Structure formats: structure tokens, C-alpha cells
Peer 1: 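Please read through the structure below; I'll follow up with questions.
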Number of protein chains: 2
Amino acid sequence: MPVERVRRRIPEATVARLPIYLRILGERASEEVECISSEGLAELAGVNAAKVRKDLSYLGSYGTRGVGYEVAFLVYQIRRELGLTHDWPVVIVGAGNLGQALAGYNGFGERGFPVAGIVDIEPAKVGSVIGGVRVRHIDDLPQIVQSRRVSIGVVATPPTSAQDAAERLVRAGVTSILNFAPVVLAVPRGISVRKVDLAVELQILSYYEQRRVGVGLQAVGSNDSTRGASA
Amino acid sequence: MPVERVRRRIPEATVARLPIYLRILGERASEEVECISSEGLAELAGVNAAKVRKDLSYLGSYGTRGVGYEVAFLVYQIRRELGLTHDWPVVIVGAGNLGQALAGYNGFGERGFPVAGIVDIEPAKVGSVIGGVRVRHIDDLPQIVQSRRVSIGVVATPPTSAQDAAERLVRAGVTSILNFAPVVLAVPRGISVRKVDLAVELQILSYYEQRRVGVGLQAVGSNDSTRGASA
DNA sequence: CGCGCTTTGTGAACGTGTGCACAACTGCAT
DNA sequence: ATGCAGTTGTGCACACGTTCACAAAGCGCG
Ligand SMILES: NC(=O)c1ccc[n+]([C@@H]2O[C@H](COP(=O)([O-])OP(=O)(O)OC[C@H]3O[C@@H](n4cnc5c(N)ncnc54)[C@H](O)[C@@H]3O)[C@@H](O)[C@H]2O)c1
Ligand SMILES: NC(=O)c1ccc[n+]([C@@H]2O[C@H](COP(=O)([O-])OP(=O)(O)OC[C@H]3O[C@@H](n4cnc5c(N)ncnc54)[C@H](O)[C@@H]3O)[C@@H](O)[C@H]2O)c1
């Protein structure tokens with residue numbers, strides 16, 4: 001087996017698009033499409049073909065000129081690059097409205113992110129079962145993280161508790177956090193954080209909606225997921 | 001009253017940060033803080049102070065040198081720029097797991113995005129009440145959109161129905177869509193779409209997690225919401 | 001085998017976003 | 001008045017991201 005050479009850094013913007021390509025390719029693969037051109041993939045992903053080629057070129061030269069990319073091989077390469085060759089169990093903090101919806105959602109597990117546990121600070125919430133996972137007390141967090149080798153945590157608590165939840169996750173050993181609470185989390189260097197903030201999304205839509213005065217405006221920005229994981 | 005002059009275009013990246021500033025300022029305002037410096041706001045927002053100043057400069061010169069920005073006035077200006085001077089009712093398509101969590105969430109209404117309605121295609125779901133809103137049949141969508149003057153729609157259906165849901169929304173008169181389904185929506189020119197895709201977020205975290213080999217990597221990207229509203 | 005068709009991979013130009021550094025300005029003290 | 005400490009607003013340089021355009025390369029066919 002050859003030595004795994006040091007991987008070149010992949011631009012943030014590209015990393016955010018690879019999952020999109022991956023999903024599209026996955027759908028094609030199940031339809032027994034063997035090959036796809038950058039043009040075809042670009043169409044399906046809603047981006048420019050040159051962008052697709054440049055993105056894929058960061059993985060290596062896996063295309064065949066005059067033909068395109070072999071779907072199955074490309075899927076393998078993207079998965080490898082994104083670190084999706086093994087599962088990443090996640091732990092959810094906060095078993096409220098949102099935490100329950102997340103825990104009950106199968107899409108996570110299917111994509112390699114099984115819910116290893118869900119915890120809450122409220123004794124009344126502890127014990128109930130959501131999506132096959134029993135809600136446990138937040139004091140069990142370190143135990144869950146360590147025994148299940150969890151490195152990704154999801155914050156689904158009210159905003160006022162989000163910083164506390166994040167600190168507990170970090171103390172328990174988690175190194176990546178997906179934050180649903182509308183607050184800016186302070187975390188130690190080396191911890192990645194990504195934020196999903198619905199109010200922000202709506203307010204951005206509001207901005208463009210408001211400007212929609214008479215003229216049907218075109219192309220107000222791209223549609224990618226360019227948002228860093230801070231550290 | 002002076003003529004409202006044609007507003008200059010605000011960079012995408014700035015538009016994505018304004019809601020963050022707005023939330024922070026809102027919290028300060030309720031603590032009776034009258035003035036804030038770009039440095040202070042930057043700290044709370046987790047960004048660079050120069051960036052804050054440049055962002056705010058797009059709104060106009062509303063700061064006072066040597067002093068800072070008057071919180072209440074700045075809140076007003078940002079709200080005006082984002083089009084938050086009036087409510088934007090939203091309609092949710094898909095009353096499943098996620099749709100219910102969204103409808104039951106008060107945070108939307110509080111921030112000026114009241115749920116004007118929630119619809120589903122499944123007769124069994126119609127009639128139940130979630131968060132004070134009765135689920136209606138999707139055929140009522142045009143009526144809801146028109147009578148409540150809705151311009152923002154939320155897609156919370158399974159991926160296979162998402163394109164259908166989007167088309168119904170557009171036909172009903174909606175011009176902005178927030179899409180939770182993991183698919184790329186095709187919409188006519190002039191329709192803004194933003195996407196929230198949890199699997200993508202997790203996969204991006206996975207990428208950085210996987211690279212976390214030995215060296216505690218620093219600063220892997222920013223933490224903003226730079227994602228366009230396509231058209 | 002050579003030729004034409006197709007599609008990749010990438011250099012280069014352009015556009016957007018970031019952050020430094022500093023002049024311009026404010027307010028206050030003396 | 002004048003000076004000084006503090007803070008904004010912005011020109012500039014650089015980094016990052018996007019798109020074009022085209023040479024290089026594979027494929028199939030005669
Ligand atoms: N529900 C939604 O649709 C929605 C939409 C957008 C954003 N959000 C955000 O997601 C977060 C959760 O929303 P929700 O509707 O589920 O709220 P919720 O109040 O229903 O649930 C929050 C849960 O967190 C638990 N909790 C509180 N402090 C905790 C702590 N320190 N440690 C562990 N658990 C703790 C509470 O006991 C509760 O069960 C909020 O920040 C909200 O703003 C929710
Ligand atoms: N639940 C989560 O936590 C979660 C997380 C991430 C992403 N998502 C995505 O959000 C979407 C919804 O997820 P969910 O868990 O709520 O699914 P769900 O199956 O619980 O609910 C989907 C609802 O949409 C309705 N529906 C189906 N086709 C429709 C149509 N054409 N028009 C109107 N309504 C229609 C169904 O009747 C159902 O009630 C999915 O695309 C899912 O991938 C959900």
C-alpha cells in the first residue's frame with residue numbers, strides 16, 4: 001500500500017460544494033449512470049462547469065478527457081476527501097422542539113452521522129425515547145462522548161444556555177460543533193464551529209425581497225455553503 | 001421629508017453579517033448600553049473591527065469618531081436596510097417532523113416572520129393545530145399567499161417533493177424560498193432561494209475533523225453566512 | 001494510423017472580500 | 001485655543017473565489 005501523501009489544502013468554497021456533488025452523484029449512481037461530464041454535473045448542481053472541474057481537480061486528475069468522470073470512482077474519492085469513509089457519531093445537546101426533530105430524523109444516520117446520544121439538563125426530559133435513542137442527563141455527556149468516540153456535537157438548547165452547552169461539549173472532548181442557537185459561540189482554538197441560523201437566513205431573504213422594487217433583479221449571489229468552521 | 005435616494009448595493013458578505021450585528025445590538029439595547037465601538041461590536045460578533053466599520057459604512061456614516069455608534073440608531077438603520085421595518089409572513093410547506101418544529105417555534109414571529117400558514121399534501125395531516133396555526137391542504141396555498149400577502153415560503157417536504165413544493169410556492173406568488181430539503185431547486189429567474197442543509201454542514205465538519213491529525217489546526221475559515229440568494 | 005469530436009485540466013484575467021494602516025474628525029481637559 | 005486620546009471611515013494591498021478560454025488528451029471511426 002502506498003504511503004498516504006500529505007493532502008493539499010482544499011479551498012473552503014470547494015469543501016462546501018463537494019457534499020452537493022456527492023449527493024447528486026449518489027443519485028446518479030443508483031440509476032446506473034456510469035459516467036458524467038463536468039457540464040452535466042454542473043447543471044444538476046446549479047453551478048458553472050469550470051467550477052466543477054476546478055473543484056474536482058483538487059482531488060486529483062480523476063476525469064477522462066473526451067468522456068467525463070466515472071461516477072462510482074468519483075463518489076469514492078469525494079467521500080475519502082471529506083472523511084466519510086467511516087461514521088461520525090454525533091451527540092445532541094437539548095431535547096426540545098428542535099433536538100427531538102433532529103434525533104427523529106433518519107437522514108443523519110443514513111449519511112454517516114448516527115445519533116450516539118441526546119442529552120438535556122431538565123430531569124423531566126430524561127428517559128423519554130426519541131428516534132430509538134433515550135434522552136440522558138447532561139452529566140452523562142463525557143461518558144457518551146468517550147465511550148462512543150464522538151467528535152461532533154450539536155447544540156440545540158435555548159440561546160442563553162448555548163455557551164454552557166458548547167463548553168460542556170468541549171470539556172467532554174468534542175472538537176466540532178454544529179450550533180443551532182442564535183448566538184456567537186466562544187470556543188478554544190482548534191475547535192470547529194458551524195452555525196445554522198434560520199432567522200439570519202430569513203433576514204437575508206428579506207433584504208433581497210425588499211430591494212425587489214419593480215425591476216426583477218437577477219443573480220443576487222451564489223447558492224453555496226461557504227461558511228467556515230472557525231477555530 | 002427628503003427623497004429616498006437609490007440605495008447603493010451592499011456586498012453579499014455584509015448582508016449576511018448585518019443580522020448578527022442586529023441581534024447583538026438588540027441585546028445591548030435592552031441593557032441600556034447607549035454607545036458601542038466597532039471594536040466592541042467586533043468582539044461580540046467574533047469578527048475583525050475593520051470589517052465591522054466597513055460593513056456599517058455601507059449603511060451610511062452613522063458613527064461618531066472618538067465615540068462609537070449609537071446603539072438604538074444603528075438598530076434602526078440596520079433594520080431599515082434589511083427591510084425589517086414591517087413583518088414578513090411566511091408559509092411552510094410540509095407539516096412533518098421539521099415543519100412542525102418550525103411552526104411551533106416562537107423565534108420566527110418574534111423576529112418579524114410570523115407563520116401565516118402551514119400546508120401539507122397529506123389529508124391526514126390537515127386540520128391539526130401546531131403553534132396556534134391550523135394545518136391546511138396544499139391546494140389552499142394560493143389563497144393563503146394572496147390573502148396574507150406572503151412573499152417567503154419554506155420548503156420542509158421530503159426531497160422528492162421539494163421541487164413540486166417550490167413550484168407550487170412560485171405559482172402561488174411567493175418570490176423567496178428557504179429550502180430545507182437536500183436538493184438543488186430549479187426556480188425561475190428573479191426568485192431568491194436559500195438552502196439549509198444539515199448533512200452538508202456535518203460533512204464540512206467531517207472534512208476538517210479528518211484533517212485534524214496531530215497538529216491543532218488554526219482558523220479554518222470564517223464563520224459568516226455568506227450564501228447567496230440565487231435567482 | 002490519422003483525424004475530428006469531445007471533454008478535461010489549468011493559466012490567466014477578473015471580481016469579491018478582508019484587514020492593515022492612517023488621515024480625518026470628535027470630544028474633553030486644561 | 002490648543003493639544004491629546006479615542007474612534008471612525010476608507011484607500012490600498014493582498015488573498016480568495018469565479019469564469020473564460022484553450023491546449024492537451026482520450027476516443028471512435030474510417
Ligand atoms: N424549534 C425550531 O424550529 C428552531 C428553529 C430555529 C432555531 N431554533 C433554535 O434552536 C434552539 C432550540 O430550540 P427549541 O425550539 O428546541 O427549544 P426548546 O426550548 O424546545 O428546547 C430546548 C431544550 O434545551 C434544554 N436545555 C436548556 N438548557 C440546557 C443546558 N444548559 N444543557 C442541556 N440542555 C439544556 C431544555 O431543557 C429544552 O429541553 C434554540 O436556540 C432556538 O433558538 C429552533
Ligand atoms: N427532521 C429533521 O430534523 C430534518 C433535518 C434535516 C433536514 N430535513 C429535511 O427536511 C425535510 C422534511 O423533513 P421531515 O423530517 O419533516 O420529513 P417528514 O416526512 O416528517 O415530513 C414531510 C411532510 O411533507 C409532506 N409532503 C410530502 N410531499 C408533499 C408535497 N408535495 N406538498 C406538500 N407536502 C408534502 C408529507 O405529507 C409530510 O407531512 C426533508 O427534506 C428532510 O430531508 C429534516
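In this text, all values refer to a predicted model and were calculated from it rather than measured experimentally. Atoms considered below: every heavy atom in the structure, side chains included; atoms not considered: hydrogens, waters and symmetry mates. Residue numbering restarts at 1 for every chain, and letters A, B, ... go by the order of the sequence lines.
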Peer 1: Take the protein atom CG of A:L56 and the nucleotide atom C1' of C:dT7, then report the distance between them rounded to whole Å.
Peer 2: 13 Å
Peer 1: It should be established whether A:R17 places a side-chain nitrogen or oxygen under 4.0 Å from OP1 or OP2 of nucleotide D:dT18.
Peer 2: yes
Peer 1: Of all the nucleotides listed (C:dT8, D:dT19, D:dG17), which has the minimum atom distance to the side chain of A:R53?
Peer 2: C:dT8
Peer 1: Can you measure B:L59 atom CG to D:dT10 atom P for me and round it to whole angstrom units?
Peer 2: 12 Å
Peer 1: Roughly how far, to the nearest 0.5 Å, is OG of A:S38 from CG of A:N48?
Peer 2: 9.0 Å
Peer 1: In this structure, how many angstroms lie between the P atom of D:dG17 and the CZ atom of A:R9, rounded?
Peer 2: 7 Å
Peer 1: Can you find a side-chain donor-acceptor pair between B:T64 and B:E70 that sits under 3.5 Å?
Peer 2: no
Peer 1: Rounding to an integer number of Å, can you tell me how far B:E43 CD sits from D:dT7 P?
Peer 2: 14 Å
Peer 1: Would you say B:E12 and A:Y208 are linked by a side-chain donor-acceptor pair, where the criterion is simply a distance under 3.5 Å?
Peer 2: yes
Peer 1: Is there a donor and acceptor pair, one atom on the side chain of B:K54 and one on the base of C:dG19, closer than 3.5 Å?
Peer 2: yes
Peer 1: Nearest whole angstrom, please: distance from the P of D:dT19 to the CD of A:E39.
Peer 2: 13 Å
Peer 1: State which of C:dT8, C:dA21, D:dT19 makes the closest approach to the side chain of A:N48.
Peer 2: D:dT19
Peer 1: Could you tell me whether the side chains of B:R212 and A:S151 share a donor-acceptor contact shorter than 3.5 Å?
Peer 2: no
Peer 1: So if I take residues 67-78 of chain B and measure heavy-atom distances to DNA chain C, which residues fall below 4.0 Å?
Peer 2: B:V67
Peer 1: Give the rounded distance in Å between these two atoms: NZ of B:K51 and C1' of D:dC14.
Peer 2: 14 Å
Peer 1: Looking only at the side chain of A:E12 (C-beta and beyond, no hydrogens), which of the listed nucleotides C:dT18, D:dT8, D:dG17 gets closest?
Peer 2: D:dG17
Peer 1: From the list C:dT10, C:dT8, D:dT18, which nucleotide is the closest neighbour of the side chain of A:R65?
Peer 2: C:dT8
Peer 1: For the pair B:D55 and B:K51, find out whether any cationic side-chain nitrogen is under 4.0 Å from an anionic carboxylate oxygen.
Peer 2: no
Peer 1: List in chain and number order the residues that pass side-chain contact (heavy atoms from CB on, under 4.5 Å) with B:A42, two or more places apart in sequence or in another chain; answer none if no residue qualifies.
Peer 2: B:V47, B:A49, B:V52
Peer 1: Can a side-chain donor-acceptor contact be found between A:E167 and A:Q163 if the only test is distance below 3.5 angstrom?
Peer 2: yes
Peer 1: For B:Y62 and C:dC25, give me the distance from atom OH to atom P, rounded to whole Å.
Peer 2: 19 Å
Peer 1: Respond yes when some side-chain nitrogen or oxygen of B:T64 is under 4.0 Å from OP1 or OP2 of D:dT8, and no when none is.
Peer 2: no
